Amino acid sequence: MSAFSQYFTGFDYTLSLPMVLLTLFALGVLLIDLMLPVEWKRLNAVTALLGIMFSGAALFLRIQVPYRAAEARGMSLYRFTHGFGGSIAMDSFAIYFFYLFLAAGAITILMSTRYLEVEKENHGEFYALILLSMVGMMGMACGTDLIVLFISLELMAISTYVLVGFLRRDRRSNEASLKYLLLGAFSSGIFAYGLSLLYGLTGSTRLPQIAAMLNGYLATRPTDPILVLALITTATGLLFKIAAVPFHQWAPDAYEGAPTSITGFMSVAGKAAAWALLLRIFLYGIHPLRPLYLPLLVFVAIATMTGGNLAALTQTNLKRLFAYSSIAHVGYMLLGLIAGDQHRVNADGIKGILIYLLVYTFMNLGVFAVITSLRRRDIIGDELDDISGLWFKAPTEAVLMMTFLLSLAGIPPLAGFYGKYFIFLSLIGTGHYALASLAVVYVAVALYYYIKVVNAMFMRPAVDTVPVSLSPAMRVALFVTAVATVGIGLVPDPFIRAATWSLHLAQYAPVAQLLR
Amino acid sequence: MVPISYYLVLSAILFSLGVVGFLIKRNLITLFMSIELMLNAVNLAFVAFAWQWKSLNGQVFVFFVMVVAAAEAAVGLAIIIAVFRTRETLNVDRVNLLKL
């Protein structure tokens, strides 16, 4: 024990407290579930929500408050952020993403309570797996060591494979889970191979050391084939995880077959976590390779915007349509990483990605909350026909859905506008006019398929007369997402400040230099 | 003394075999074995590099990759059984309810 405490102090555990609390509550849900009779299963959701609240409180009181105090006094932040010998960094970047995951997890749980009862799969494991995958996401946002990042990625991914296949008796859910698992494990293998090559080139698994060693390596051998191979395999693994074209094939299938609330969870929290991982590795670890990866990213971004938007045009299944729309949004976000020159990233671009992920969380979860509420006995509710005539059956929901859709399309003054605004600003500011105009064209294309859904809701007659009933939890979820979508649009300043703050990586000089 | 390049070439060959197997085979269990082969190639590369750099990080990474592979296999086989129960096939081409 004494040898152990020599390496880890209490402070390390304070830094990981949000993750530890979520894990404990996940285990608690599993244990309590065993003792609950069927009619009390809703208590599992309450336990899980409590866990998220405790985790959020720990994050605020134990991490954010001391961090801001140290920041205000101008102290060196390294001591306040790095734990476990420098394996994790609870800096402002991580704190921002932690809040995002907590919000997305809480809204998903609120959306799921009634849905699981309708599907007759109301088991405690569902909530435990959501909490565990959130722990994985948090590790992806705060890890600065390849081992931590890889383990967290797999923790998130494996929990999500099970969640996607949670409707055991549904053949589509099985199939989605299988395809997601096969392609996810395949991409993890490629990613791990890339990590092994990076380790081989640099002799370290710490991102800052990798960056330092790569700088020296590039000076002597700039186009070493091993270096290129390491970059390509690592980037391929990461692009698989954010579902960028041409590595997107798993996304529409997994999104369509998964339980609807999990589709929402994957498309926002899973995507934000993959982006956190990508930004950590690209900004902290391999930023010296920027001249090499820039052409790759330009190609992938154009392919992603084209593929996502054009494929979404012809979809008739709502979940599949939003899967392709989420692929298209990844394309816009990639542009934020491209903005800049050969060696510097534009700070506005990264800020744009962070704000985009924040607003996307709320508007896309809102869309999936509406689709989830369409699930009733005998009606799956994920076809375009199922939403037609919603205005005549449930006017409030139809108006909310329209708000979310217009926000996704990027219409001001809704929240979605600000994500695109900063990304386009950064592109124009760094002279990428062609990419900016292409993105604007695709925004117009995207408007078509969002309006198609609005048209179905308001102009077409309803196919059935079964009323849409909302559980109280679902009402809360819809209320929160709607307030956030409209609120961030009307009062964007605090959120833009939060994103700017999360980029204050002042204690870490290479990144501070990188962002101009 | 065997030079490190031998290990790395072997690792690259194993990894390529895994990728090719994943892309051309149609049986679910074989696909799974291909993924395991890829991860083991990664392990070999890590051990070789750890030996070259005289650092333990690579060795530790191997343990975690093995844990991940085991967890993936556990979840994967459970999912394959669930799929087999509803369809009675292990051919990935016949698991095609969701259009591509």
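In this text, all values refer to a predicted model and were calculated from it rather than measured experimentally. Proteins get letters first, then strands, A, B, ... in listed order; numbering begins at 1 in each.
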* If we only count heavy atoms from C-beta on, is the A/Y199 to B/S55 side-chain gap below 4.5 Å? -> yes
* Asked: Where does B/E72 contact chain A at under 4.5 Å (heavy atoms): side chain, backbone, both or neither?
  -> both
* Crowded around B/R94 CZ? As in, over 12 foreign heavy atoms under 6.0 Å? -> no
* Asked: Is there a side-chain contact between B/F22 and A/L183 (heavy atoms, below 4.5 Å)?
  -> yes
* Run the ring-centre check on B/F64 versus A/F150 and record whether the distance is less than 6.0 Å. => no
* Part of A/A311 within contact of chain B (heavy atom distance under 4.5 Å) -> neither
* Checking side-chain contact (heavy atoms from CB on, under 4.5 Å) for the pair B/F49/A/L197: CA distance, chi angles, key distance, verdict? -> CA-CA 8 Å; B/F49 284 132; A/L197 292 179; 4.2 Å; yes
* Asked: Of all of B/A50, B/A45, B/A74, B/A69, which one pairs up most often with chain A through heavy atoms under 4.5 Å apart?
  -> B/A50
* Asked: Where on B/V19 is there a heavy atom nearer than 4.5 Å to chain A: the side chain, the backbone, both, or neither?
  -> both
* To do: Take B/F15 and A/I190, measure what side-chain contact (heavy atoms from CB on, under 4.5 Å) needs, and give me the verdict at the end.
  => CA-CA 9 Å; B/F15 186 79; A/I190 296 177; 4.1 Å; yes
* **Residue A/Y217 excluded, over 12 heavy atoms near OH under 6.0 Å** => yes
* To do: Report yes if some heavy atom in the side chain of A/F186 is under 4.5 Å from a heavy atom in the side chain of B/L31; otherwise report no.
  => no
* To do: With A/S196 as reference, evaluate B/V62, B/L8, B/V42, B/L44 under the side chain to side chain contact (heavy atoms under 4.5 Å, CB included) test and give the passing residue.
  => B/V42
* Does any non-hydrogen side-chain atom of B/M38 lie less than 4.5 Å from one of A/S188? -> no
* Asked: Does a side-chain heavy-atom distance below 4.5 Å link B/I79 with A/N174?
  -> no
* Asked: Would you find more than 12 non-hydrogen atoms of other residues, nucleotides or ligands less than 6.0 Å from B/L56 atom CG?
  -> no
* Is B/W53 reaching over with its side chain to a backbone N or O of A/S204, donor-acceptor style, under 3.5 angstrom? -> no
* Structure fact -> Residue from B/G58, B/A48, B/A41 scoring the most non-hydrogen pairs under 4.5 Å with chain A is B/G58
* Structure fact -> Note: vs chain A, highest number of non-hydrogen pairs under 4.5 angstrom among B/V65, B/I4, B/V75, B/L39 is B/V75
* Asked: Okay, side chain of B/R87, backbone of A/R171: is any donor-acceptor separation there less than 3.5 Å?
  -> yes
* Counting only heavy atoms closer than 4.5 Å, note whether A/L201 contacts chain B via side chain, backbone, both or neither. => backbone
* Asked: Contact part of A/L181 toward chain B, heavy-atom cut-off under 4.5 Å: side chain, backbone, both or neither?
  -> side chain
* side chain to side chain contact (heavy atoms under 4.5 Å, CB included) partner of B/F61, the single match among A/I151, A/D145, A/I147 -> A/I147
* Asked: Would you call A/L146 and B/N57 a side-chain contact if the rule is heavy atoms closer than 4.5 Å?
  -> no
* Answer with side chain, backbone, both or neither: which region of A/S159 has an atom nearer than 4.5 Å to a non-hydrogen atom of chain B? => neither
* Structure fact -> Applying a strict 4.5 Å limit to non-hydrogen atoms, the region of B/A12 in contact with chain A is both
